[in-house]
Q: 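One structure, pasted below without further comment.
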Protein chains: 4
Amino acid sequence: MDYTYAPGRNHLFVPGPVNIPEQVLRAMNRNNEDYRSPAIPALTKTLLEDVKKIFKTTSGTPFLFPTTGTGAWESALTNTLSPGDRIVSFIIGQFSLLWVDQQKRLGFNVDVVESEWGRGADLDALASKLAADAAHTIKAVCIVHNETATGVTNNLATVRKILDEYQHPALLLVDGVSSICALDFRMDEWGVDVALTGSQKALSLPTGLGIVCASPKAIDASKTAKSLRVFFDWKDYLKFYQLGTYWPYTPSIQLLYGLKAALDLIFEEGLENVIARHNRLANATRLAVDAWGLKNCTQKAEWFSDTVTAVVVPSNIDSSEIVRRGWKRYNLSLGLGLNKVAGKVFRIGHLGNLNDLQLLGCLAGVEMVLKDVGYPVKLGSGVAAACAYLQNNIPMIPSRI
Amino acid sequence: MDYTYAPGRNHLFVPGPVNIPEQVLRAMNRNNEDYRSPAIPALTKTLLEDVKKIFKTTSGTPFLFPTTGTGAWESALTNTLSPGDRIVSFIIGQFSLLWVDQQKRLGFNVDVVESEWGRGADLDALASKLAADAAHTIKAVCIVHNETATGVTNNLATVRKILDEYQHPALLLVDGVSSICALDFRMDEWGVDVALTGSQKALSLPTGLGIVCASPKAIDASKTAKSLRVFFDWKDYLKFYQLGTYWPYTPSIQLLYGLKAALDLIFEEGLENVIARHNRLANATRLAVDAWGLKNCTQKAEWFSDTVTAVVVPSNIDSSEIVRRGWKRYNLSLGLGLNKVAGKVFRIGHLGNLNDLQLLGCLAGVEMVLKDVGYPVKLGSGVAAACAYLQNNIPMIPSRI
Amino acid sequence: MDYTYAPGRNHLFVPGPVNIPEQVLRAMNRNNEDYRSPAIPALTKTLLEDVKKIFKTTSGTPFLFPTTGTGAWESALTNTLSPGDRIVSFIIGQFSLLWVDQQKRLGFNVDVVESEWGRGADLDALASKLAADAAHTIKAVCIVHNETATGVTNNLATVRKILDEYQHPALLLVDGVSSICALDFRMDEWGVDVALTGSQKALSLPTGLGIVCASPKAIDASKTAKSLRVFFDWKDYLKFYQLGTYWPYTPSIQLLYGLKAALDLIFEEGLENVIARHNRLANATRLAVDAWGLKNCTQKAEWFSDTVTAVVVPSNIDSSEIVRRGWKRYNLSLGLGLNKVAGKVFRIGHLGNLNDLQLLGCLAGVEMVLKDVGYPVKLGSGVAAACAYLQNNIPMIPSRI
Amino acid sequence: MDYTYAPGRNHLFVPGPVNIPEQVLRAMNRNNEDYRSPAIPALTKTLLEDVKKIFKTTSGTPFLFPTTGTGAWESALTNTLSPGDRIVSFIIGQFSLLWVDQQKRLGFNVDVVESEWGRGADLDALASKLAADAAHTIKAVCIVHNETATGVTNNLATVRKILDEYQHPALLLVDGVSSICALDFRMDEWGVDVALTGSQKALSLPTGLGIVCASPKAIDASKTAKSLRVFFDWKDYLKFYQLGTYWPYTPSIQLLYGLKAALDLIFEEGLENVIARHNRLANATRLAVDAWGLKNCTQKAEWFSDTVTAVVVPSNIDSSEIVRRGWKRYNLSLGLGLNKVAGKVFRIGHLGNLNDLQLLGCLAGVEMVLKDVGYPVKLGSGVAAACAYLQNNIPMIPSRI
């Protein structure tokens with residue numbers, strides 16, 4: 001017996017790990033296999049082809065590391081850069097901050113551009129730095145596509161435009177942990193050199209795969225990058241890709257089959273439809289927040305995230321109490337405010353394999369929690385606002401028409 | 001791939017089969033076993049003891065038939081009655097009607113008491129019949145505790161009172177398919193002679209177990225009952241109970257382990273808490289129906305069902321379209337109106353392993369469907385009414401305090 | 001924790017329930033669904049078509065009863081016969097005996113032809129009875145295709161030949177519980193009127209489906225058969241087949257998806273290959289029994305069963321002790337001797353989703369158990385004999401060549 | 001459908017990943033959870049305590065990295081050593097070779113002691129080096145407890161004895177990937193400073209956890225070790241242990257529950273009984289190899305591995321063909337010969353949740369494969385030898401007596 005038993009489903013609305021669809025749970029419900037038999041390389045080959053589609057790349061090379069997003073970060077950095085290399089990196093919230101921390105600890109010379117939490121990356125600052133860098137001392141620009149802590153999405157197309165404007169050869173490394181497979185992401189079109197995500201986010205799998213995709217330029221860079229690396233080294237993978245056996249060490253059989261099932265679901269729904277669904281659920285959430293009279297932590301609409309909404313609570317309320325109460329009374333799991341916004345925001349994750357009525361159940365729950373903690377919310381107001389929008393925008397389910 | 005794929009969870013609100021909790025799915029995720037090994041009798045022994053608790057009986061004898069509710073009905077009748085026996089039976093909706101149909105086809109002399117659909121069994125008529133039956137020609141009173149088609153709960157305590165008043169020896173046979181484990185049911189206190197339920201209802205298992213419980217008086221009756229029966233014969237079970245091997249034919253190993261897990265969850269929550277939760281969810285649903293300006297099919301509060309609410313739609317709307325649209329657009333499964341109320345009502349099942357936010361998601365979905373089909377519902381109104389009630393009444397989750 | 005825990009896999013070699021392949025476990029690992037949605041009728045339609053293939057019938061009508069083999073028997077009898085009808089039935093072991101017991105209890109006039117256990121049905125006696133029945137008082141011939149208790153397979157082609165020889169119109173009702181999907185069975189070619197099996201046998205599913213297939217002649221007979229029946233009545237099913245909703249009462253969602261997966265595996269392997277595999281495993285088992293110096297309970301090769309081998313132990317040994325010890329020391333589940341052969345035989349089931357090395361592990365286990373109980377077996381002898389045969393006869397796995 | 005379908009169970013006898021018991025599959029069959037809720041820290045706390053038992057340490061600090069054994073190696077090295085540090089390391093087969101390769105690539109000054117493949121680590125060489133190192137330039141001794149490629153177990157007690165003899169302060173780092181939980185391993189008694197294993201080996205889980213345990217001395221060393229590390233840094237874990245939240249980044253919920261179930265099974269059987277079972281299965285395997293007239297790759301009995309046996313094939317046979325054929329004809333997965341012994345040995349893994357009859361099925365399969373490839377094995381000979389031993393040595397299953 002799980003010691004925290006509560007009747008009914010847990011309402012999982014943290015911005016990852018997210019709900020796993022039954023089809024994926026089924027696919028992973030299996031014994032181990034010999035990963036050196038012909039079956040696993042054949043499966044892997046298919047996965048590597050399929051996974052490129054979610055990055056929107058044809059020229060990239062994907063790697064399926066048995067790790068988390070943090071490990072995927074490390075792989076992106078150590079394979080393309082050498083100690084002491086200058087990189088420009090943005091802090092706009094907890095996860096970009098943690099990545100910068102990693103960058104520093106790995107010995108890079110990090111040129112940090114910080115923004116107020118709730119704002120996007122300061123791309124003007126980027127432009128200035130690139131403009132001033134005729135010598136091309138900047139080896140890479142590192143940016144989080146979607147900052148999970150504040151619900152801020154950076155505009156990668158603009159980043160590319162700026163790089164192009166200054167004809168700057170810096171690598172563009174992108175953390176797409178809470179974006180890829182949910183937000184519009186275009187690796188090739190935007191000239192992203194390394195992009196990465198984690199299995200427990202929009203792919204709706206368990207934690208355990210750090211999926212990294214490298215452009216040809218990044219692969220080239222990896223040949224000379226001097227950062228020490230073994231576990232996260234692309235070279236070993238590339239060697240085994242050549243051999244057709246694919247794995248320098250043991251993969252998780254279950255996650256490979258799970259990834260196959262997860263990708264199949266995404267392709268069946270259609271990647272563009274998946275992205276549209278995330279936009280719809282996010283719009284509904286934002287309308288509810290407005291109706292409650294609360295503020296979105298994200299300061300401008302251009303940065304609104306379609307995978308997570310950070311909601312600012314009045315100063316007399318501790319947002320941690322909201323999260324605690326959600327879990328203790330309603331079996332509702334919301335995201336805590338982290339670091340600078342601890343106690344000040346709570347987060348609603350609306351990413352992954354999720355639908356409208358699940359979200360509405362969550363919104364109703366949030367309303368009751370708000371009331372519980374003394375915020376004078378009008379019960380039903382957020383749900384009403386969300387429904388008014390959704391009822392006009394939900395498409396028929398194609399397989400059921 | 002399931003051909004009717006839709007993203008996110010299916011919102012299953014038919015009044016059975018209901019949502020299966022993960023703990024139960026896990027318990028059933030197993031290979032077959034030899035049911036003649038010592039393990040299965042030991043498990044069965046435990047189950048037979050545990051299952052008595054959900055009937056609130058200490059003197060009853062339970063049977064776990066590999067069948068459905070329809071088979072459980074047949075077992076109740078053929079083991080206690082002989083062809084031609086007079087029985088009093090009530091039609092108040094589709095399921096009581098089907099049971100009466102079975103009673104007739106099995107050769108009993110059925111004295112049918114019919115009520116308008118939406119009303120409870122006519123117990124005055126019962127009283128009259130018993131009063132007039134000094135000769136005790138009535139061998140059994142058959143009654144459905146909760147009519148799933150109309151959301152009507154009959155008052156079994158009153159039935160017993162009437163039988164006692166006339167000191168009538170008729171057996172009391174009760175269909176508890178959509179009541180037991182969800183509504184207050186007291187086999188011993190109410191002198192029920194045979195009670196039965198199905199695994200896919202409040203127990204939240206897959207279909208496949210017809211659980212029948214017989215009083216000592218019913219067991220006695222089975223010794224002389226002349227109805228032909230083999231598969232459903234209690235005698236074979238009782239013989240194998242004596243032998244300590246328990247099974248006259250092969251049981252479903254998976255359902256036995258599943259039943260163990262399901263009962264463990266119920267006992268962990270506490271049966272009285274489970275019943276209170278059903279009452280709470282039902283109250284919330286009824287408040288939403290009121291807020292929508294719609295009528296409950298159940299005509300009086302005394303008959304309100306805590307496991308299913310049948311909602312009457314305006315005459316210009318086809319309730320089947322509501323169900324169809326729920327499924328095709330919102331991945332919401334509602335219950336159809338059946339037979340006399342086809343097209344006139346749709347049903348919200350709120351039974352089994354379910355919680356408040358799940359229900360609120362459903363209610364929000366119903367609101368959007370109502371709007372879709374042209375009913376001028378105020379979006380959010382039902383959810384608001386339900387939340388106002390629930391926020392005052394949901395207890396903290398004991399394991400998480 | 002299961003209280004009978006032992007490390008490693010249980011070696012399940014009872015002649016049912018048998019091992020469930022992972023693919024089927026996966027398919028069943030799912031929540032309930034509304035069986036009135038369009039998805040379940042669509043699935044059912046496919047299943048009813050597919051299931052006819054394992055009966056080798058194009059004209060038959062299949063029924064998927066939520067029941068066991070015992071229920072399927074009852075359905076076959078009560079739908080085609082009237083009380084008092086004369087039927088010829090054969091007792092050759094425990095399961096045919098139980099069926100005859102059921103036939104008697106259901107009120108038929110059973111003309112029993114008994115054989116020594118270990119011999120096939122006495123078809124000469126059948127011929128005599130048919131010859132003597134110019135008046136066609138015999139309404140049905142009931143025969144078990146494969147007697148699971150003794151490992152005896154009856155020759156159904158011969159039964160048909162005899163019926164044809166006497167141009168006798170009796171219905172031919174066949175228990176195929178431990179044969180269909182494993183032994184050569186030809187419903188149309190052999191003029192079988194009702195055939196039936198159970199899901200936990202060669203289909204390798206959990207218990208819970210009694211699969212019955214009726215010829216047009218049997219369907220005709222059902223229109224006039226006067227045996228009382230409701231749960232097992234084909235009429236209700238046929239009515240719902242017409243309506244396209246298929247189910248007169250709630251099916252097990254999980255078993256339907258499981259059946260789909262099980263049939264897919266059988267068709268992928270090829271039904272003829274499945275049958276050939278059963279023959280190969282059975283030959284290997286019989287060679288091992290010979291090598292051990294033990295006798296097959298089946299008295300002549302013409303009756304050898306390819307799904308179960310009943311092994312006769314020397315009179316100084318109690319076969320129950322062999323079964324007990326297999327389970328208690330080796331995690332090996334063998335079949336007990338039943339009734340007349342209790343203590344005298346133990347049974348090795350070799351049916352369902354099973355392969356050669358699994359069987360060899362079992363045979364090695366049996367050798368050690370035999371030694372344990374004092375039988376002077378030469379360890380390795382049975383495995384050696386089986387391997388010598390198998391190594392010459394196992395085909396390459398087509399999907400892996 | 002898996003494209004390499006074959007009927008029956010796959011016989012998985014590679015030395016990892018190994019068979020997952022059903023209890024563990026069940027425990028992992030679950031949705032994601034918020035890892036920041038109180039439930040996951042509470043579970044983690046229990047796991048960290050329990051996992052120390054399999055290392056036989058009370059003073060060690062365990063880390064559950066979401067990685068593989070290769071990552072666990074990296075964690076052991078980078079947390080305790082600085083670039084340029086001299087370490088003594090042994091190459092005795094492919095996995096020790098790969099570890100040395102990693103050590104070199106991570107910038108350590110590796111003093112390699114190589115042995116012929118099939119022999120244990122040259123501990124005399126170790127003694128010499130330590131004797132010559134009065135200046136204590138050797139910072140660590142790195143040794144693989146059980147070399148999976150050749151089936152060689154090194155004597156760690158002797159390693160400790162030598163270190164003590166020279167009162168040498170070098171850290172002792174042990175790869176216990178294919179030993180811990182299967183072979184006798186005593187972290188505290190043998191003064192091991194870092195020990196590590198992977199979830200897919202003796203713990204019988206999916207791949208995905210690299211379990212590392214550090215002695216107080218290793219923890220001290222980590223405070224000054226200058227190797228760059230972030231993902232694998234103990235410091236981050238220790239910080240979160242202090243906070244009581246335990247996780248610096250997202251763990252796999254499923255593997256945590258799976259680990260709980262796996263440890264529960266091990267403790268239920270008893271760790272000493274688990275170790276004894278491995279010894280028994282290994283003895284049986286070695287007896288079979290002898291009976292086949294083949295040589296164990298391990299050159300002396302003192303080095304025999306109880307988790308994997310590498311079998312040398314005659315020079316006219318390609319051992320890869322044996323592995324290929326096992327998979328293609330018998331659904332048997334054996335281990336390939338790697339690197340220097342490629343084509344020369346095949347490997348039988350006999351570790352994890354496995355029992356005697358499973359092994360005997362494998363041995364019978366190997367015999368047939370050997371015959372297939374032209375080796376004149378006497379069929380049944382290996383099984384006979386193994387059975388003769390096992391029948392005398394298998395204990396009764398405690399839970400079933």
Side-chain angles (χ1 to χ4, degrees), chain C residues 1-9 11 19 21-23 25 29 264-265 268-269 273-274 277 291 325 327-332 353-365 367-369 371-372 378-388 390-391 394-401, chain D residues 1-9 11 19 21-23 25 29 264-265 268-269 273-274 277 291 325 327-332 353-365 367-369 371-372 378-388 390-391 394-401:
Chain C
M1 188 68 57
D2 306 335
Y3 91 109
T4 53
Y5 175 65
R9 298 278 303 176
H11 298 266
N19 292 291
E22 268 200 356
Q23 290 88 342
L25 286 178
N29 183 36
D264 283 351
L265 291 183
E268 169 154 346
E269 187 176 356
N273 293 332
V274 171
R277 173 167 54 78
R325 204 159 176 94
W327 193 69
K328 291 195 170 191
R329 193 177 188 203
Y330 302 98
N331 207 355
L332 170 64
N353 195 277
L354 190 73
N355 62 31
D356 307 82
L357 302 202
Q358 287 176 281
L359 179 68
L360 291 167
C362 164
L363 296 178
E367 296 188 5
M368 292 192 289
V369 178
K371 187 115 188 180
D372 282 358
K378 190 183 156 207
L379 289 175
S381 59
V383 172
C387 281
L390 290 172
Q391 194 261 337
I394 298 176
M396 300 300 280
I397 297 166
S399 67
R400 299 187 182 177
I401 296 175
Chain D
M1 186 71 56
D2 306 334
Y3 91 110
T4 53
Y5 175 66
R9 300 277 302 175
H11 298 267
N19 292 291
E22 267 200 357
Q23 289 89 342
L25 286 178
N29 183 37
D264 283 351
L265 291 182
E268 168 153 347
E269 187 176 357
N273 293 331
V274 170
R277 172 166 55 77
R325 204 160 175 93
W327 192 69
K328 290 195 172 193
R329 192 177 189 204
Y330 302 98
N331 208 353
L332 170 63
N353 196 278
L354 189 74
N355 62 32
D356 307 82
L357 301 202
Q358 288 176 279
L359 178 69
L360 291 167
C362 165
L363 296 179
E367 297 189 3
M368 292 193 288
V369 178
K371 187 115 189 180
D372 282 359
K378 190 183 156 208
L379 289 175
S381 60
V383 171
C387 280
L390 290 171
Q391 194 261 336
I394 299 175
M396 300 300 281
I397 298 167
S399 66
R400 299 187 182 177
I401 296 174

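Side chains are part of it too, since the values below use all heavy atoms of this structure and drop only hydrogens, waters and symmetry mates. Lettering follows sequence order; numbering is per chain, from 1.
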Q: Counting heavy-atom pairs under 4.5 Å with chain D, which one of C:Leu332, C:Leu357, C:Asp356, C:Leu25 comes out on top?
A: C:Leu357
Q: Under a 4.5 Å heavy-atom cutoff, which of D:Val274, D:Leu354, D:Leu363 has the most pairs with chain C?
A: D:Leu354
Q: Looking only at heavy atoms, which two atoms of C:Pro7 and D:Glu269 are closest? And how far apart?
A: CG-OE2, 3.4 Å
Q: Checking D:Ile401 against chain C: side chain, backbone, both or neither under 4.5 Å from a heavy atom?
A: backbone
Q: Nearest 0.5 Å please: distance from the CD atom of C:Gln358 over to the OH atom of D:Tyr330.
A: 15.5 Å
Q: For side chain to side chain contact (heavy atoms under 4.5 Å, CB included), just list the numbers for D:Gln391 and C:Val369, CA-CA rounded to whole Å, side-chain angles, deciding distance to a tenth of an Å, and then say yes or no.
A: CA-CA 8 Å; D:Gln391 194 261 336; C:Val369 178; over 6 Å; no
Q: Which atoms of D:Leu390 come close to chain C, meaning under 4.5 Å heavy atom to heavy atom: side chain ones, backbone ones, both, or neither?
A: both
Q: Using non-hydrogen atoms and a 4.5 Å limit, figure out which bit of D:Asn273 sits close to chain C: side chain, backbone, both or neither.
A: neither
Q: Pick one of side chain, backbone, both or neither for D:Ile394, based on which atoms fall under 4.5 Å of a heavy atom in chain C.
A: both
Q: Pick from C:Arg277, C:Glu367, C:Glu22, C:Lys378: which one has the most heavy-atom pairs with chain D under 4.5 Å?
A: C:Arg277
Q: So what's closer than 4.5 Å to chain C heavy atoms on D:Pro21: side chain, backbone, both or neither?
A: neither
Q: Would you mind checking which part of D:Asn331 comes under 4.5 Å of any heavy atom in chain C, side chain (CB onward), backbone (N, CA, C, O), both or neither?
A: both
Q: Taking every heavy-atom pair that is under 4.5 Å apart, which of D:Asn29, D:Asn19, D:Leu359 has the most such pairs with chain C?
A: D:Asn29
Q: Is there a donor-acceptor contact under 3.5 Å from the side chain of D:Ser399 to the main chain of C:Tyr5?
A: yes
Q: Using the side chain to side chain donor-acceptor pair (under 3.5 Å) rule, take C:Arg9 and D:Asn353 through it: C-alpha gap first, then chi angles, then the decisive distance, then the call.
A: CA-CA 8 Å; C:Arg9 298 278 303 176; D:Asn353 196 278; over 6 Å; no
Q: Who wins among D:Gly380, D:Ser381, D:Gly361 for the most heavy-atom pairs under 4.5 Å with chain C?
A: D:Gly361
Q: Contact part of D:Pro395 toward chain C, heavy-atom cut-off under 4.5 Å: side chain, backbone, both or neither?
A: backbone
Q: Kindly give the heavy-atom pair with the smallest separation between C:Arg400 and D:Trp327, and that separation in Å.
A: NH1-O, 3.0 Å
Q: Heavy-atom pairs under 4.5 Å with chain D - which of C:Cys387, C:Ala364, C:Ala385 has more of them than the others?
A: C:Cys387
